[in-house]
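Lettering follows sequence order; numbering is per chain, from 1. Computed from heavy atoms alone, side chains included, the values below leave out hydrogens, waters and symmetry copies.
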Protein chains: 4
Amino acid sequence: MSTESAEKLLDAATRLFVAHGIERVNSNQIAREAGVGVGTFYAHFKDKHELHQSLVLSALDALRVRVEKAVAAGPADPEQQVRRTVEAVIAFAEEQPDRFRIAFLGGGRFGYSTRGVERRLRELQEEGAVDRALHPGTAARAFASMQSGVLLWWLEDPSRGSRAEVFETLVRLHPALRRP
Amino acid sequence: MSTESAEKLLDAATRLFVAHGIERVNSNQIAREAGVGVGTFYAHFKDKHELHQSLVLSALDALRVRVEKAVAAGPADPEQQVRRTVEAVIAFAEEQPDRFRIAFLGGGRFGYSTRGVERRLRELQEEGAVDRALHPGTAARAFASMQSGVLLWWLEDPSRGSRAEVFETLVRLHPALRRP
Amino acid sequence: MSTESAEKLLDAATRLFVAHGIERVNSNQIAREAGVGVGTFYAHFKDKHELHQSLVLSALDALRVRVEKAVAAGPADPEQQVRRTVEAVIAFAEEQPDRFRIAFLGGGRFGYSTRGVERRLRELQEEGAVDRALHPGTAARAFASMQSGVLLWWLEDPSRGSRAEVFETLVRLHPALRRP
Amino acid sequence: MSTESAEKLLDAATRLFVAHGIERVNSNQIAREAGVGVGTFYAHFKDKHELHQSLVLSALDALRVRVEKAVAAGPADPEQQVRRTVEAVIAFAEEQPDRFRIAFLGGGRFGYSTRGVERRLRELQEEGAVDRALHPGTAARAFASMQSGVLLWWLEDPSRGSRAEVFETLVRLHPALRRP
DNA sequence: AATGAATGAGATTTCATTCAT
DNA sequence: TATGAATGAAATCTCATTCAT
C-alpha cells in the first residue's frame with residue numbers, strides 16, 4: 001500500500017514541524033524520523049512545502065468536518081450553535097494539539113474560510129438579532145483569528161486559563177452573540 | 001542610531017521579508033537589494049534572524065509608543081480609550097503596512113504583550129463595568145489576535161471592508177465593551 | 001527474438017532517446033513509456049547503456065544489410081553502385097528516421113565501419129578510375145561523416161532540400177566518383 | 001578578478017569532458033580538478049550544461065575567427081581559399097585538440113554555421129565554376145560534417161593518415177572544387 | 001516473467017560566513 | 001567601514017537497482 005510510508009512521513013513531519021518549526025526541519029530528518037529512506041520522501045512529496053501544505057489542508061479539513069457536525073447536531077439557536085462550535089474546536093485542539101498547531105502556526109496562510117460565519121452573521125443582522133454596526137466579513141475574520149490565536153496560546157501553556165474560562169471567553173466574544 | 005548602510009539593509013530586508021517571507025530571503029539578497037556588499041551585512045548584523053528580530057521589536061515598540069500616546073491623549077472612559085487605541089493601531093497599519101506586517105506575520109512569535117489590556121479588563125470587571133465571565137488573560141489575548149489578524153487580512157486587500165467598517169467592528173468586539 | 005515486453009521497451013527507448021537525448025532519459029521513464037514495470041526493464045536489460053548499445057548496433061546492422069543488398073543488386077559500375085548505396089541509406093533514413101537518428105546521434109561513437117568503402121576506393125585508384133591523391137581511409141571516413149551528418153540535418157527539417165537534391169549532392173561528393 | 005576561477009573551471013572542464021565524456025563528469029569533479037570550491041562552480045555557471053555550452057560556443061568562435069582570417073589572407077581563387085580554410089581548421093585541431101573535440105563531439109548540436117560556404121557555392125555555380133547539380137545548402141553541410149568527422153577521427157589516432165593525406169583529401173572533396 | 005514501492009549513494013545546489021583587499 | 005569572490009557544510013533531489021509480492 002502506498003499509504004503506509006506516506007502516513008509515516010506525515011506523522012513524523014507533524015511531530016518535527018511542531019517541535020522545531022517548519023524551517024528548522026529538513027527532508028532527511030523527516031525521513032529518518034519516519035523510519036524510511038530519503039528517496040521515499042521524494043517518491044511521495046515534491047518537497048517539504050508540499051508535505052506541509054497537505055498537512056495543513058488535511059488538518060483544516062478535519063476541523064471543518066467536526067465543526068459542521070457540531071453545527072448540525074443541535075438547534076439553530078445562535079448561542080447554542082456558537083457553544084457547540086467553540087466546543088468542537090477546543091476539543092479538536094485538545095485531542096490533536098499538533099494537528100491544530102500545524103493548521104494555524106504560520107498565521108493561517110492557507111486560508112481558513114470564514115464565509116459560513118459571515119453569512120450567518122448577515123442573517124442574524126437581518127433578523128435583528130445581531131448588532132448591525134458589525135461588518136460581517138470583518139467580524140467573521142476577527143472571530144477566526146481570535147479563536148486560533150487564543151487556542152495556540154493556551155496550548156502553549158494550558159495553565160494560562162482553565163478550559164472553562166477559555167471556552168466561556170471565546171463564546172462571549174463571538175460576534176453572533178453581540179446584541180444590537 | 002544606525003549608519004546609512006544599516007538603514008538601507010533594514011529597509012531592504014523589510015521589503016523582501018514582506019514580499020517573499022522570511023525563510024525565502026537570504027543575506028546576500030538583502031545586501032544586493034540594499035545596494036551594499038555582503039560583507040557590510042555582517043558588519044551590522046550577526047545574521048538574518050538578528051536583523052529580523054530587531055525589525056519586529058522595533059515595529060512592536062513603535063506601535064506600543066503610539067498606543068500609549070493614544071491612551072494618554074484622552075479621558076479614561078473605556079469606550080473612548082478603546083476607540084483611540086484601535087484608531088492608533090489602524091493608523092499605524094495604514095501608514096507603515098510593511099512594518100506592521102513584519103511585526104505580526106509569523107503569528108507574533110515575539111510576543112505582543114497583552115498584560116496592559118489584561119490588567120485594565122480586571123479593573124473594569126471589579127468596577128462592574130465588564131462581564132465577569134470573561135477571563136481577562138484570555139480576553140486580552142483574543143483581542144490582540146483578532147486585531148492583528150483582521151488588519152493583516154485587510155491590508156492584503158483593503159477592498160474587503162471600508163476603514164470605518166473595520167474600525168467599528170474591532171471596537172465593538174473589544175472585550176472591554178462587553179457589558180455584564 | 002525478444003518477448004513482447006522487450007519490444008515495447010526498445011520502442012519506448014527509441015522514442016525517448018530521440019526526443020530528449022540519451023542522458024536525459026532514465027530507466028524508470030523508459031519503463032513507464034513502455035507501459036511496463038521498472039522491474040521488467042531490468043529483467044531484459046542490464047542497464048540503460050546496454051539497451052542503447054543494442055539499439056545502435058541493431059540499427060547499424062539493419063542499415064548494413066540494406067546497403068549490402070543494394071550493392072549486390074546491380075552492376076559493379078562505380079557510379080551505379082554509389083547511387084544504389086546512397087539510395088539505400090536515404091530510404092532507410094526516411095522509413096525509420098528514429099532508428100537512423102539513434103544510430104548516428106552522438107557522433108557515431110559505436111563506429112560505423114568504413115573498411116568496405118576504403119577497400120573499394122583503393123581498388124578504383126589502382127584501376128586508375130579514382131584520383132590517387134585521395135587518401136582512401138580518410139576519404140571513406142569523410143563520406144561516412146558527410147552522409148550521416150547531412151541526413152541527420154535533413155531529417156531535422158526536410159524542407160532544407162528536396163530528396164532529389166540531397167541524393168544528387170551526396171552522390172556527386174562521393175570520393176569514388178572523384179576522377180583523377 | 002572574476003576571471004581567475006572561471007578560467008580554471010573552463011580549463012578543468014575541457015580536460016575532463018574530453019577525457020571522460022560530458023555525462024560522466026560532475027560539478028564536484030570539475031571544481032576539484034580546477035582547484036576551487038564547489039560553490040565557486042555555481043558562482044560562475046548555472047550548471048554543467050551552461051559551462052559546456054560556453055565552452056562549445058567559445059571554441060566555435062575561435063575557429064570561426066581563424067577561418068575568417070585565413071579567407072581574408074589571400075586571393076579569392078576558390079582552390080586557394082579552400083586550401084587556406086582547411087589548413088586553418090587542421091591547424092586549430094592540432095594546436096587545441098581538446099577545444100576542437102569539445103566543439104564537435106556530440107554531433108555539433110550547437111550549430112556550426114554553414115551559411116558562408118553555402119553562399120560562396122551559389123556564387124561559384126552562377127559563375128559556372130561549380131557543378132550546378134550540387135544543392136548548395138546540402139553541400140555546405142556535407143563539407144562541414146566531413147571535415148569535423150574526419151578530424152575527430154584523425155585526432156583519435158593520428159597514425160590513421162599523414163597530415164598531408166588528410167589535408168589533401170579534405171581539399172579535394174570540397175564541393176567548391178567540384179567542377180561542372 | 002512482471003511489478004512498483006522502497007532504497008541510499010551520490011549528484012546538484014544553496015547560502016551563511018570569511019577574508020584579502 | 002566596505003567589498004564581493006570564494007568557500008564548504010549542509011540541504012535538496014535524482015535515479016539505478018533491489019526485492020517482496
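Looking at the side chain of C:Ser27, the nearest of the listed nucleotides E:dC15, F:dA16, E:dT17 is F:dA16. In this structure, the nucleotide among E:dG4, F:dA2, E:dA11 sitting nearest to the side chain of B:His44 is F:dA2. Checking F:dA16, F:dC13, E:dT13 against the side-chain heavy atoms of A:Asp47 singles out F:dC13 as nearest. Taking the side chain of B:Tyr42 as heavy atoms from C-beta on, and the options F:dA6, F:dA2, E:dT17, the nearest nucleotide is E:dT17. Closest contact between the side chain of C:Thr40 and the listed nucleotides E:dA6, F:dT17, E:dT3 involves E:dT3. Among the nucleotides F:dA16, E:dT14, E:dT3, the one closest to the side chain of C:Val36 is E:dT3. Minimum atom distance to the side chain of B:Val38 is reached by F:dA5, of the listed E:dA16, F:dT12, F:dA5. Closest to the A:Asn26 side chain, of the nucleotides E:dT12, F:dT17, F:dA11, is F:dA11.
Comparing D:Asn28 and C:Asn28 by the nucleotide of DNA chain E whose heavy atom lies nearest to each, the residue mapping closer to the 5' end is C:Asn28. If D:Ala43 and B:Ala43 are placed on DNA chain F by their nearest nucleotide, the residue sitting closer to the 5' end is B:Ala43. Remark on DNA chain E: of its neighbouring residues C:Gly35 and A:Gly35, the 5'-side contact belongs to C:Gly35, judged by nearest-heavy-atom nucleotide. Toward the 5' end of DNA chain F, the nearer of the two residues D:Gly37 and A:Lys46, judged by each one's closest nucleotide, is D:Gly37.
In this structure A:Phe41 satisfies the ring pair (Phe, Tyr, Trp, His ring centres under 6.0 Å) test with no other residue, sequence neighbours excluded.
A heavy-atom distance below 4.5 Å is found between the side chains of D:Arg66 and D:Glu95.
Judged by distance alone, the side chains of A:Arg99 and A:Ser58 do bring a donor and an acceptor atom under 3.5 Å apart.
Residue A:Lys8 is classed as having no contact, given no heavy-atom separation below 4.0 Å to the nucleic acid.
Look at CZ on B:Arg24: it is 18 Å from C1' on E:dA16, rounded to the nearest Å. Taking atom CG of residue D:Leu9 and atom C1' of nucleotide F:dA6, one finds them 11 Å apart after rounding to whole Å. What separates CD of C:Glu33 from P of E:dG4 is a distance of 16 Å, to the nearest Å. The CD-C1' distance, from A:Glu7 to E:dA5, rounds to 16 Å in whole Å. One atom, CD of A:Glu50, and another, C1' of F:dT12, lie 15 Å apart when rounded to the nearest Å. Remark: P of F:dA2 and CZ of B:Arg32 are 19 Å apart, rounded to the nearest angstrom. In this entry the distance linking NE2 of B:His52 with C1' of E:dA16 reads 18 Å, nearest Å. Rounded to an integer number of Å, the gap from D:Gln29 CD to E:dA9 P is 18 Å.
Base pairing analysis places E:dA11 opposite F:dT12; the two distances defining the Watson-Crick or G-U wobble pair are each below 3.5 Å. Searching all strands for a Watson-Crick or G-U wobble partner of F:dT21 with both distances below 3.5 Å returns E:dA2.
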*Give the C-alpha distance, both sets of side-chain angles, the deciding distance and a yes or no for side chain to side chain donor-acceptor pair (under 3.5 Å) between D:Arg64 and D:Ser113.*
CA-CA 9 Å; D:Arg64 189 183 50 73; D:Ser113 170; over 6 Å; no
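Note on D:Ser5: every side-chain N or O is 4.0 Å or more away from OP1 and OP2 of F:dA5. Regarding contacts with the backbone of E:dA1, every side-chain N or O of C:Thr3 stays at 4.0 angstrom or more from both OP1 and OP2.
Smallest separation of non-hydrogen atoms from D:Val25 and D:Leu16: CG2-O, 3.5 Å.
The only option from C:Leu151, C:Leu63, C:Leu155 that meets the side-chain contact (heavy atoms from CB on, under 4.5 Å) definition with C:Phe104 turns out to be C:Leu63.
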